[in-house]
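Everything on this sheet refers to the single structure shown next.
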Amino acid sequence: MRAMIALTTCLLLSLAGYAAEFAFVERPGESLDIQCDGKTWLSTQVKPFDAAQAEETYKVFTHIYDSAGETPITKGVGGKYTHHRGLFIGWKDTLVPSAEEGAEPIDYDTWHMKNCYQQHVKWLSREAGADSASQSEEVVWCDLEGKPFIKEVRAITVRPGEDGLRIIDFQSTLISVAGHIQLRGDLQHAGMQVRMANEVSERQDTTQYILPEGAEELENDKVVGAWWACCSCEVGGKRYWLVHMTPRDHPFGEPVYSIRRYARFGAFFEPDLDEGKPLTLRFRVVVSERELAREAAQNLFDAYSAPSSESEVPSQP
């Protein structure tokens, strides 16, 4: 009997070890981390804008961390194209109506952040539990005088999947507070994208991309006919596979994907905003430390796109 009790206890303890427990760690005015079992998975950077340190503070973005929870595998300030930061969103030509009658729209560069900035205002919600964590924040996009032209509600949810996958859902709701705004740019300078650590740019010939069957890669790293793209690159001596997905109910249809070899990749599209009419954009990024073949990536996307089973993630074949 004692042996049976001991065996049962060991079994229960081993099963309990599979449960993930999420929590938040906040550094006010700096960042908010999402941790799983004490290891950082994501870190959202929210430093207040400071004109004297504009490059360090002009963009709100989220880092993805390595499996040990110690170091970001995405890029921050500096390096090749300093404005590329982790998970981020923006448009090179954000055309905002001028206050002067008959004048051309003002062109704010919310990609390079040359004449504007994004400012974290406040956290709207934070929920962490045994199987996921989600956060929501208010972000304003402002001119250099501090006048906002877009208000954004940015929400991120993260949870574990089968075989050690990390599933990140990124949602951005954009609201114009300055009339009819045109979000424009080009393939390489607009949309919702991911940028991996700067070290990848130093050996970008080792970066690989996996695309859906039937997708076509054209000149200038342009991909058409794809709802997802998978980047495989090395960071910190380890190879990662990341699938960037755009849902089939994307309000502007199938996007164009950009797949730079230095590991900046994501979806390009050019929407308009009308004052008082929120526009919600959703994307998913799946991180894997096990090799993802095309079939596995497609299965992940199919699960994401299935209306009744969005939360289900299949095992890798």
Side-chain angles (χ1 to χ4, degrees), residues 64 74 84 87-92 111 161-172 183-196 200 204-234 239-271 279-317:
I64 302 172
T74 47
H84 293 166
L87 304 173
F88 68 106
I89 188 169
W91 284 264
K92 180 175 70 69
W111 183 266
E162 296 288 342
D163 303 315
L165 296 177
R166 285 181 280 168
I167 303 146
I168 305 163
D169 285 316
F170 181 104
Q171 178 174 294
S172 174
L183 301 176
R184 301 291 185 265
D186 58 60
L187 172 66
Q188 311 301 351
H189 303 96
M192 189 270 148
Q193 313 245 338
V194 181
R195 174 67 194 271
M196 300 301 289
V200 180
Q204 59 187 48
D205 59 331
T206 66
T207 300
Q208 303 166 357
Y209 281 97
I210 302 166
L211 303 174
E213 185 175 357
E216 186 177 4
E217 182 177 353
L218 306 177
E219 293 183 1
N220 199 25
D221 299 320
K222 177 181 181 179
V223 175
V224 296
W227 290 96
W228 59 266
C230 178
C231 176
S232 174
C233 62
E234 293 182 7
R239 182 163 286 275
Y240 294 87
W241 286 259
L242 291 91
V243 189
H244 184 296
M245 309 179 194
T246 303
R248 290 194 184 276
D249 63 357
H250 183 61
F252 304 97
E254 185 178 87
V256 174
Y257 265 89
S258 170
I259 54 167
R260 289 297 204 202
R261 262 55 189 181
Y262 53 79
R264 194 267 299 139
F265 57 102
F268 164 62
F269 51 98
E270 295 178 300
L279 171 65
T280 297
L281 304 165
R282 297 187 298 114
F283 305 91
R284 174 172 287 181
V285 176
V286 177
V287 183
S288 177
E289 294 181 30
R290 294 182 58 188
E291 182 177 358
L292 288 178
R294 175 186 287 170
E295 181 183 0
Q298 184 65 50
N299 287 343
L300 290 169
F301 175 74
D302 290 343
Y304 179 42
S305 298
S308 61
S309 58
E310 182 178 336
S311 62
E312 297 178 8
V313 176
S315 300
Q316 300 175 38

List the residues meeting side-chain contact (heavy atoms from CB on, under 4.5 Å) with [X], not counting sequence neighbours, and say none if there are none.
X	value
Glu219	none
Ser172	Ile89, Glu152, Phe170, Leu174
Ala229	Leu211, Tyr257, Ile259
Pro212	Ala215, Ala226, Trp228, Gln298

How close do [X] and [Y] get, heavy atom to heavy atom, and via which atoms?
X	Y	value
Ile210	Leu292	CD1-O, 2.9 Å
Met192	Phe269	N-CE2, 4.2 Å
Trp227	Gly253	CH2-C, 3.5 Å

Applying ring pair (Phe, Tyr, Trp, His ring centres under 6.0 Å) to Tyr240 and not counting sequence neighbours gives none
side-chain hydrogen bond (donor to acceptor under 3.5 Å, both in side chains) partners of [X], counting only residues at least two apart:
X	answer
Thr206	none
Glu234	Arg239
Glu217	Arg261
Ser258	Gln188, Arg264

Look only at the side chain of [X] and the backbone of [Y], and say whether a donor-acceptor pair between them is shorter than 3.5 Å.
X	Y	result
Arg166	Ile64	no
Trp91	Asp186	no
Glu216	Val223	no
Ser232	Tyr209	no

Can you tell if the side chain of [X] reaches within under 4.5 Å of the side chain of [Y], non-hydrogen atoms only?
X	Y	answer
Thr246	Phe301	no
Leu279	Leu281	yes
Val285	Leu87	yes
Gln193	Phe88	yes
Phe252	Pro271	yes
Thr74	Arg195	no

Those residues at least two apart in sequence (or on a different chain) that pass salt bridge (charged side-chain N to carboxylate O under 4.0 Å, His left out) with Asp205 are none
For Arg260, the salt bridge (charged side-chain N to carboxylate O under 4.0 Å, His left out) test, sequence neighbours excluded, returns Asp221
Once you round to the nearest 0.5 Å, how far does [atom1] of [X] lie from [atom2] of [Y]?
X	Y	atom1	atom2	answer
Arg284	Tyr304	CZ	OH	6.0 Å
Leu183	Lys92	CG	NZ	13.0 Å
Phe265	Cys233	CZ	SG	7.0 Å
Leu300	Glu295	CG	CD	11.0 Å

task = Please state whether the rings of His84 and Trp111 are parallel, tilted or perpendicular, taking 30° and 60° as the class boundaries.
result =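 Perpendicular: the ring planes of His84 and Trp111 meet at over 60°.
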Scan residues 242-259 for pairs that pass salt bridge (Lys or Arg N to Asp or Glu O under 4.0 Å), counting only residues two or more places apart or in two chains.
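For residues 242-259, and leaving out neighbouring residues, the salt bridge (Lys or Arg N to Asp or Glu O under 4.0 Å) pairs sorted by first residue read Asp249-Arg282.
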**Asked** Can you check side chain to side chain contact (heavy atoms under 4.5 Å, CB included) on Trp241 and Arg290, steps first, answer last?
**Response** CA-CA 7 Å; Trp241 286 259; Arg290 294 182 58 188; 5.9 Å; no
| task | Would you please test Val200 and Thr207 for side chain to side chain contact (heavy atoms under 4.5 Å, CB included) and show each step? | result | CA-CA 8 Å; Val200 180; Thr207 300; 3.3 Å; yes
